[in-house]
There are 2 protein chains.
Amino acid sequence: MPSPLPPSAYVVLGLLGQRSSLTPYQLDKRIRESIGHFWAFPRSQLYAEAGRLIRRGLIAEQRETEGRRRRTLSLTDAGRTELDRWLDTPSASSTEIHDEGLLRLFFLRTDGDCTDAIVSLATEQLEAHRRQLAHYQDLVAARGLPPGSPQRATLELGLRMEQMFIAFWTEAVASPDDLPGRD
Amino acid sequence: MPSPLPPSAYVVLGLLGQRSSLTPYQLDKRIRESIGHFWAFPRSQLYAEAGRLIRRGLIAEQRETEGRRRRTLSLTDAGRTELDRWLDTPSASSTEIHDEGLLRLFFLRTDGDCTDAIVSLATEQLEAHRRQLAHYQDLVAARGLPPGSPQRATLELGLRMEQMFIAFWTEAVASPDDLPGRD
DNA sequence: ATTGGATGGTCTGAAGCGTACCGTCGGTCG
DNA sequence: CGACCGACGGTACGCTTCAGACCATCCAAT
């Protein structure tokens, strides 16, 4: 392991670990339908990451020469080793939560009456998070994700996250002069 | 508003909106002690962002010519306008949650017994989140953040976030064969 | 036969981010 | 007093991240 790999590298390795061989396009699709909900990995990045991993010898590429010139990726032994190593190495970095609504709340002027502003922010955020919650619920219902699978659990965390945001903003709407956090 | 500004731009504008004039260094300090807990804005980025905002005419810089050559930043009228506009524009982007532990969970092989792996991941994550929770609690206690202020509310969301993660990983430790999400 | 959508890939420019590095200032301790 | 140390204040560089536009292929339905 030359230098610690960025998260997107492990996304590629991880997905290849699940099904032996995939094209970057398929990686993209799978990601958009799963972890992509909380952590965006743009398509172009996957192609770039694949290139880097090939150079490091962690994945192998088999490429069509004609037609669509598909790149089919698969783990090498070194890649499998690195993936396994990562999977049971305690993570160094802490959780990042990027939420623009939260940022706006933080910067709302506290002096005088920003009450209206807080109520309208909270109302808007509430609606957005309710929509997202409904979307996750649809996903759970639509796909036959086996209960207890990591994939299902990940989605479950998304559900909880949304429920938490909803609770937070609900309290903010209810008592804008006394925002969540009395104690 | 030429093109939509990135979040870091609003962080700079927002902080300057709170106290009329600050150096990038002071921005950095304030951020590290508040929103920096969930959303890292590295120091170098603040200097870069300040440069961009000056070029756009949203902030003004007054610079010492000798000694430490401090850059003192303040909002221009255009900057104040842009900040106010942003503060009551519904946010377009959705919440991003970057958590390496979650990523690892997602990629744990579901076949056979990954039970041990899940338990050790969950245990490790539990400890990390408990530590972070304790840290937030210290902050609330230490600082005299007025209850009901947006700053306090933001920290409160951090507390809830950690509590939610703790609940999630606790369940994972308790029943690794049946991860959170039975229903 | 055309057209349009799903598939598959590339490129570019800007922003994000870590980290190492360099200078200045104010104290304090020998 | 003066050397030093830690807080201040800023810069530079290199990589990663990311959005978006762009291009080409295949297939199926009209």
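Just so it is clear, the structure is predicted and the values come from calculations on it, not from any experiment. Order of the sequence lines sets the chain letters (A, B, ...), proteins ahead of strands, with each chain counted from 1.
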Expressed in angstrom and rounded to an integer, what is the separation of [X] atom [atom1] from [N] atom [atom2]?
X	N	atom1	atom2	answer
A/Arg63	C/dG9	CZ	C1'	7 Å
A/Arg69	C/dT7	CZ	C1'	14 Å
B/Glu49	C/dG16	CD	P	6 Å
B/Leu5	C/dA14	CG	P	15 Å
B/Tyr10	C/dG16	OH	P	12 Å

query: Do the side-chain N and O atoms of A/Glu96 and A/His98 include a donor-acceptor pair separated by under 3.5 angstrom?
result: yes
- prompt: How would you list, by chain and number, every residue that makes a salt bridge (Lys or Arg N to Asp or Glu O under 4.0 Å) with A/Arg68, sequence neighbours excluded?
  reply: none
query: Which residues pass the ring-ring contact (aromatic ring centres under 6.0 Å, His included) test with B/Phe38, sequence neighbours left out?
result: none
Closest-nucleotide 5' rank along DNA chain D - winner of B/Arg71 and B/His98: B/Arg71
query: Aromatic rings B/His37 and B/Tyr136: how do their planes relate, parallel, tilted or perpendicular, breaks at 30° and 60°?
result: perpendicular
task: Please state whether the rings of B/His129 and B/Phe165 are parallel, tilted or perpendicular, taking 30° and 60° as the class boundaries.
output: parallel
message: Can you tell whether the side chains of A/Arg104 and A/Glu124 come within less than 4.0 Å, N to carboxylate O?
response: yes
task: For the pair A/Glu64 and A/Arg69, find out whether any cationic side-chain nitrogen is under 4.0 Å from an anionic carboxylate oxygen.
output: no
task: Establish whether A/Leu139 and A/Leu157 are linked, either directly or via other cluster members, by ILVMFWY side-chain heavy-atom contacts under 4.5 Å.
output: yes
task: Report yes or no: do B/Leu27 and B/Tyr25 belong to one cluster of Ile/Leu/Val/Met/Phe/Trp/Tyr joined by side chain heavy-atom distances under 4.5 Å?
output: no
- request: Would you mind telling me which of A/Leu15, A/Thr154, A/Leu13 makes a side-chain contact (heavy atoms from CB on, under 4.5 Å) with B/Phe107?
  value: A/Leu15
Are there any protein N/O atoms within less than 3.5 Å of an N/O atom in nucleotides 18-23 of chain C, and if so, which ones and at what distance?
residue	atom	partner	partner atom	Å
C/dG18	O6	B/Ser44	OG	2.9

Pairs under 3.5 angstrom only: tabulate donor-acceptor contacts from the side chains of residues 46-54 of chain A to other protein residues two or more places apart or in another chain.
residue	atom	partner	partner atom	Å
A/Glu49	OE1	A/Ser8	OG	2.7
A/Glu49	OE1	A/Arg52	NH1	2.6

query: Quick one: how far along DNA chain D does chain A reach, first to last nucleotide 5' to 3', anything under 4.0 Å to a heavy atom?
result: D/dT16 to D/dC26
- prompt: Do any of residues 24-32 of chain B sit with a heavy atom less than 4.0 Å from DNA chain D, and if so which?
  reply: B/Pro24, B/Tyr25, B/Lys29
